[in-house]
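Because the structure is a prediction, the values reported are computed rather than measured. Below, read A as the first sequence line, B as the second, and so on, with proteins coming before strands; counting in each chain starts at 1. The analysis underlying the following values was restricted to heavy atoms, covering all of them including side chains, and did not include hydrogens, waters or symmetry mates.
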2 protein chains.
Amino acid sequence: MLNYSVAAQLETISLEWLAERLKVLAEPNRLRIFSLLMDGVRCNCELSEALAMPPNLISHHLSKLRSVGLVDAERDKSDPRWIYYSINRAALEALNAAFGSFFAPDRIQPRWLTVGHNTRSAAPSRRA
Amino acid sequence: MLNYSVAAQLETISLEWLAERLKVLAEPNRLRIFSLLMDGVRCNCELSEALAMPPNLISHHLSKLRSVGLVDAERDKSDPRWIYYSINRAALEALNAAFGSFFAPDRIQPRWLTVGHNTRSAAPSRRA
DNA sequence: TATACAATTCAACGTATGTTGAACTATTCG
DNA sequence: CGAATAGTTCAACATACGTTGAATTGTATA
């Protein structure tokens with residue numbers, strides 16, 4: 001099949017795509033920041049106070065969240081010193097879709113399902 | 001409120017719980033192993049061959065997946081050298097539930113929703 | 001103009017982690 | 001018994017990463 005390698009490559013891409021986002025989210029403090037942002041747009045100083053973390057650390061974690069598009073930033077128009085951070089809903093929905101499709105329990109297959117269906121058995125050949 | 005700190009602690013626990021699992025999953029090779037296990041129970045040697053990775057590395061990643069209960073192991077009764085690995089469906093379902101509830105797009109709140117609802121405004125006080 | 005404030009950037013540190021290669025255990029097969 | 005097989009464990013390495021403290025940028029305020 002000609003499309004096989006393409007499909008395989010696409011799956012590889014989406015797998016890397018998913019891993020990259022999970023890596024960004026797989027950190028307790030970033031999860032806390034993310035959760036506060038879910039409750040509403042926040043600035044660095046608010047997050048810093050709420051989580052008792054220095055502003056530069058908040059800034060570091062926010063940049064990671066922004067690097068994968070999950071968080072947006074917008075300067076205050078009346079006072080440009082302030083930057084408001086928010087969850088990018090489209091990015092979050094895309095992540096949910098990818099996660100749900102990759103980790104869907106219905107994907108789990110019993111071992112011996114395809115025995116005899118193919119020249120290559122579902123069980124490993126016990127001899128070389 | 002008396003239950004507040006308890007609820008906060010519970011949320012902290014589940015947040016750490018979620019972060020721990022995401023950390024285990026946030027690795028491309030572990031995602032590949034997990035995906036193959038979704039297709040059916042596999043032994044180390046099968047995974048090793050399919051992913052072109054040394055058996056000790058597969059073993060290392062499998063132990064990480066097992067450490068959070070997402071993967072089970074079972075020895076072959078007729079030949080104890082073989083160990084069959086499989087996805088723990090209950091653990092996967094629990095993870096899906098936690099992920100879906102934490103990252104549900106409907107949780108996203110607009111910034112100014114609770115203005116005037118509390119003594120503490122949704123906006124940070126611009127002065128000390 | 002000098003001070004205060006929001007936020008980022010930079011350098012440095014210790015720790016965690018994926019990968020590699022070799023050694024080791026346990027069981028089956030010739 | 002000796003060789004082969006499946007799998008783990010151990011030591012070592014380079015890299016990635018979260019945290020800290022200080023310096024820097026840009027804007028508002030007294």
Work out which heavy atom in B:Tyr84 is nearest to a heavy atom in B:Cys43; give both atom names and the distance.
-> CD2-CB, 4.3 Å

Rounded to the nearest angstrom, tell me the gap between atom [atom1] in [X] and atom [atom2] in [N].
| X | N | atom1 | atom2 | answer |
| --- | --- | --- | --- | --- |
| B:Asp79 | D:dA4 | CG | P | 17 Å |
| B:Asn44 | D:dG7 | CG | C1' | 6 Å |
| A:Glu46 | C:dC5 | CD | P | 17 Å |
| A:Glu27 | D:dC17 | CD | C1' | 9 Å |
| B:Leu51 | C:dT19 | CG | C1' | 15 Å |
| A:Arg32 | D:dT19 | CZ | P | 9 Å |
| A:Arg42 | C:dA6 | CZ | P | 16 Å |
| A:Tyr85 | C:dA7 | OH | P | 7 Å |

Toward the 5' end of DNA chain D, by each residue's nearest nucleotide, A:Leu57 or A:Pro80 | A:Leu57

Under a 4.0 Å heavy-atom cut-off, which of residues 59-74 of chain A touch DNA chain D?
-> A:His60, A:His61, A:Lys64

Which is true for B:Arg30 with a 4.0 Å heavy-atom rule: it touches a base, it touches only sugar-phosphate, or it touches nothing?
-> sugar-phosphate

Under a 4.5 Å cut-off applied to non-hydrogen side-chain atoms, are B:Pro28 and A:Leu15 in contact?
-> yes

Going through the distances and angles, do A:Glu49 and A:Arg42 end up as a salt bridge (charged side-chain N to carboxylate O under 4.0 Å, His left out)?
-> CA-CA 11 Å; A:Glu49 182 183 349; A:Arg42 306 272 173 176; over 6 Å; no

Do the numbers put B:Arg107 on top of the ring of B:Phe102, so that NZ or CZ is under 6.0 Å from the six-membered ring centre and no more than 45° off the axis?
-> yes

N/O (side chain, B:Arg81) to phosphate O (OP1/OP2, D:dT8) under 4.0 Å = no

With sequence neighbours excluded, tell me which residues meet side chain to side chain contact (heavy atoms under 4.5 Å, CB included) with A:Pro55.
-> A:Asn44, A:Ser48

Got a sec, which residues hit side chain to side chain contact (heavy atoms under 4.5 Å, CB included) with B:Asn56, two or more places apart in sequence or on another chain?
-> B:Pro54

Distance-only check: which donor-acceptor pairs under 3.5 Å involve side-chain atoms of residues 58-70 of chain B, not counting sequence neighbours?
| unit_1 | atom_1 | unit_2 | atom_2 | d |
| --- | --- | --- | --- | --- |
| B:His61 | ND1 | B:Arg30 | NH1 | 3.1 |
| B:Ser63 | OG | B:His60 | O | 2.8 |
| B:Ser67 | OG | B:Lys64 | O | 2.6 |

B:Ile83 and B:Asp76: CA distance, side-chain angles, deciding distance, side chain to side chain contact (heavy atoms under 4.5 Å, CB included) verdict = CA-CA 6 Å; B:Ile83 302 177; B:Asp76 187 314; over 6 Å; no

Pick out the pairs of N or O atoms, protein on one side and nucleotides 10-16 of chain D on the other, that lie under 3.5 Å.
none

Pairs under 3.5 angstrom only: tabulate donor-acceptor contacts from the side chains of residues 88-100 of chain B to other protein residues two or more places apart or in another chain.
| unit_1 | atom_1 | unit_2 | atom_2 | d |
| --- | --- | --- | --- | --- |
| B:Asn88 | OD1 | B:Ala90 | N | 3.1 |
| B:Asn88 | OD1 | B:Ala91 | N | 3.0 |
| B:Asn88 | ND2 | B:Asp72 | OD2 | 3.2 |
| B:Arg89 | NE | B:Glu93 | OE2 | 3.2 |
| B:Arg89 | NH1 | A:Pro105 | O | 3.3 |
| B:Arg89 | NH2 | A:Asp106 | OD1 | 3.1 |
| B:Asn96 | ND2 | A:Phe103 | O | 2.8 |
| B:Asn96 | ND2 | B:Leu92 | O | 3.1 |

